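Input: a single structure, listed below in structure tokens.
Not measured: the values here are computed from a predicted model. Numbers here simply count residues along the sequence, with the first being 1.
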Amino acid sequence: MRIKKLFTTLVLMALLLVWAGLGQAKTTTWKLGFGAGPNDPEYPLADAFIKKVDAYSEGQFKINILLTQPLGYGKDGILRFMKQGLAECGLVIPNYLHKDDPMFGLLLPQGLLVEKQDNVKLIDAMKETLEKLYNKWGVTLQAPVWNGIMVDWVLISKEPINTLEQLKGKKIRHSDKIILKALNNLGISAQYVSATDTYMSLRTGVIDGAVYGRLWVLKQSLNEVTGYSSRMGPYSAAVMPGIGVSQKAWAKLPDDMKAVFKRAAKEVFWDSMLEKWETEFYEKYSIAELSKAEKPMKEIEPFPRQDLLTLQKAIIKVWQEECEKKGPETVEHCKKVISIITKE
């Protein structure tokens, strides 16, 4: 009788342990390598994303932001950081990854697009190319980010300038090497000046104007050393940054947690940012703030469409030459993009 009671007790205890185990699902914890700083505009987005992942998974999937700059890995080193297994995912920004693969720097030159909606036409082609590039590093782009912060490039200057002809005889700053060469080919003196040196270069007359995103004009107080702003074509938002994920880590992640990851990413990185881009939320904010600043900036008429088409043609010529130097994979991507944006 005692043996029977003891056996029954042991069975009940075993069942209780099983039930307890079922009730305590294993928590998955990831690190998100973040090469930008905590004051960068990407940080609040990343923070909102990991909070949604935690909420939607009911605490079963936690992602912690790991600042990689103090470890020697900035925005340009995140693929190498992940390859060493130091993080399951990381913020990948194509324009910063050209040292790892030159093709990252040739995806879509700034100034190439004439219409804002050209970006939307390029989404599928750009995703396809990015996946191929990240695949070489054992990474998959599971959370593309629509760059809704910038819609336009603007020329800022001390005197009103809004045509290519007026740019001749002036010294202009740009950050994209391909458009620099294209502008020079059109007889316009354009040069690279770092973001940190632009304010002083404008103030001292080293340059007469600079091509910038409006939000950064505001953040860097460039209105203090200029006075006029003119739209110079749409920003190439289709070069999508995002959260790259280690293919090994993704393969091990349960399907329900994959769904949580994708849901949170779509809401934070895509849907909300695409809406801000479509409504030009940041553009309108920047224009309003710059117009009422202590040193206000006047928005003048944009560069004419014909000038943007002339610039596009010059950029395509330089871009094709650079792509041919890098090999057939880059040439194929270049041809595909040109075909999409020039199709009537």
Side-chain angles (χ1 to χ4, degrees), residues 32-36 40-42 45-46 49 68 73-83 87-113 117-150 176-178 234-251 253 258 261-262 264-271 273-274 277 319-320 322-323 326-341:
L32 191 163
F34 195 82
D40 282 34
E42 298 92 348
L45 287 175
F49 165 66
T68 59
Y73 296 88
K75 295 178 182 179
D76 60 347
I78 203 66
L79 288 177
R80 279 167 274 138
F81 188 80
M82 291 174 63
K83 191 173 184 179
E88 289 79 10
C89 58
L91 173 67
V92 286
I93 306 176
N95 294 340
Y96 287 90
L97 303 175
H98 58 89
K99 290 181 181 178
D100 295 324
D101 190 323
M103 191 172 170
F104 278 116
L106 291 169
L107 291 172
L108 190 63
Q110 294 298 345
L112 178 68
L113 306 183
Q117 289 300 319
D118 287 343
N119 282 291
V120 178
K121 298 176 186 177
L122 290 171
I123 289 174
D124 291 340
M126 203 60 63
K127 282 184 177 179
E128 182 183 349
T129 298
L130 286 171
E131 275 296 346
K132 289 178 181 178
L133 290 172
Y134 290 134
N135 185 57
K136 299 174 185 178
W137 290 83
V139 170
T140 175
L141 185 64
Q142 290 297 331
V145 177
W146 188 257
N147 199 330
I149 293 176
M150 284 177 59
D176 189 291
K177 292 181 180 179
I178 290 176
Y235 177 75
S236 297
V239 185
M240 293 166 279
I243 304 298
V245 181
S246 159
Q247 291 175 349
K248 292 180 180 178
W250 188 252
L253 191 66
K258 286 179 180 176
F261 186 98
K262 288 187 173 183
K266 184 175 183 296
E267 289 180 8
V268 175
F269 296 134
W270 196 264
D271 293 348
M273 294 305 290
L274 184 58
W277 180 79
W319 188 33
Q320 287 176 322
E322 293 300 316
C323 287
K326 305 304 178 186
E329 185 182 17
T330 312
V331 170
E332 181 186 354
H333 170 78
C334 177
K335 287 181 178 177
K336 185 186 296 184
V337 170
I338 292 171
S339 172
I340 292 170
I341 65 173

- Who pairs with Phe49 by ring pair (Phe, Tyr, Trp, His ring centres under 6.0 Å), at least two apart in sequence or on another chain? Phe261, Phe269

- Task: Identify, with sequence neighbours excluded, every residue that meets ring pair (Phe, Tyr, Trp, His ring centres under 6.0 Å) alongside Trp146.
- Result: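 Scan of Trp146 (ring pair (Phe, Tyr, Trp, His ring centres under 6.0 Å), adjacent residues dropped) gives Trp270, Trp277.
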
With a 4.5 Å heavy-atom cut-off, do [X] and [Y] have their side chains touching?
{"X": "Thr140", "Y": "Tyr134", "value": "no"}
{"X": "Tyr235", "Y": "Asn147", "value": "yes"}
{"X": "Ile78", "Y": "Leu91", "value": "no"}
{"X": "Pro144", "Y": "Lys127", "value": "yes"}
{"X": "Trp137", "Y": "Met82", "value": "no"}
{"X": "Thr129", "Y": "Glu332", "value": "no"}

To the nearest 0.5 Å, how far apart are [atom1] in [X] and [atom2] in [Y]?
{"X": "Leu107", "Y": "Asn95", "atom1": "CG", "atom2": "CG", "answer": "7.5 Å"}
{"X": "Ile338", "Y": "His333", "atom1": "CD1", "atom2": "NE2", "answer": "9.5 Å"}
{"X": "Gln247", "Y": "Gln142", "atom1": "CD", "atom2": "CD", "answer": "9.5 Å"}

Shortest non-hydrogen contact from [X] toward [Y]:
{"X": "Met273", "Y": "Leu45", "result": "SD-CD2, 3.9 Å"}
{"X": "Cys323", "Y": "Thr330", "result": "SG-CG2, 3.6 Å"}
{"X": "Ile93", "Y": "Glu42", "result": "CD1-OE2, 3.8 Å"}
{"X": "Pro94", "Y": "Pro241", "result": "CD-CA, 3.7 Å"}
{"X": "Ala46", "Y": "Phe34", "result": "CB-CE1, 4.0 Å"}
{"X": "Gly244", "Y": "Val139", "result": "CA-CG1, 3.7 Å"}

According to salt bridge (Lys or Arg N to Asp or Glu O under 4.0 Å), who are the partners of [X], at least two apart in sequence or on a separate chain?
{"X": "Glu322", "value": "Lys325"}
{"X": "Lys266", "value": "Asp271"}
{"X": "Lys326", "value": "none"}
{"X": "Lys83", "value": "none"}

- Within a reach of under 6.0 Å around NZ of Lys177, are more than 12 heavy atoms found that belong to other residues, nucleotides or ligands?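 Counting neighbours around NZ of Lys177, 12 or fewer heavy atoms of other residues, nucleotides or ligands fall under 6.0 Å, so no.
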
Counting only pairs under 3.5 Å, give me each side-chain donor-acceptor contact of residues 96-104, with atom names and distances, residues two or more places apart or in other chains.
from: Asp100; atom 1: OD1; to: Arg80; atom 2: NE; distance (Å): 2.9
from: Asp101; atom 1: OD1; to: Met103; atom 2: N; distance (Å): 3.0
from: Asp101; atom 1: OD2; to: Lys136; atom 2: NZ; distance (Å): 3.3

Could I get the full list of side-chain hydrogen bond (donor to acceptor under 3.5 Å, both in side chains) partners for [X], not counting sequence neighbours?
{"X": "Tyr73", "value": "Gln84"}
{"X": "Ser236", "value": "Gln110"}
{"X": "Asp40", "value": "Lys75"}
{"X": "Gln320", "value": "none"}

- When you measure from the side chain of Glu88 to the backbone N and O of Val245, does any donor-acceptor pair fall under 3.5 Å? no

- Query: Do Asp176 side-chain atoms and Pro109 backbone N/O form a donor-acceptor pair below 3.5 Å?
  - Reply: no

- Note on the structure: The residue among Asn119, Leu130, Leu108 that forms side chain to side chain contact (heavy atoms under 4.5 Å, CB included) with Val239 is Leu108

- Lys121: side chain to side chain contact (heavy atoms under 4.5 Å, CB included) partners, not counting sequence neighbours: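 Partners of Lys121 by the side chain to side chain contact (heavy atoms under 4.5 Å, CB included) criterion, ordered by chain and then number, come out as Asp118, Ile340.
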
- Query: Step by step, would you call Val92 with Ile243 a side-chain contact (heavy atoms from CB on, under 4.5 Å)?
  - Reply: CA-CA 6 Å; Val92 286; Ile243 304 298; over 6 Å; no

- Item | Derivation of the salt bridge (Lys or Arg N to Asp or Glu O under 4.0 Å) call for Glu329 and Lys132 | CA-CA 10 Å; Glu329 185 182 17; Lys132 289 178 181 178; over 6 Å; no

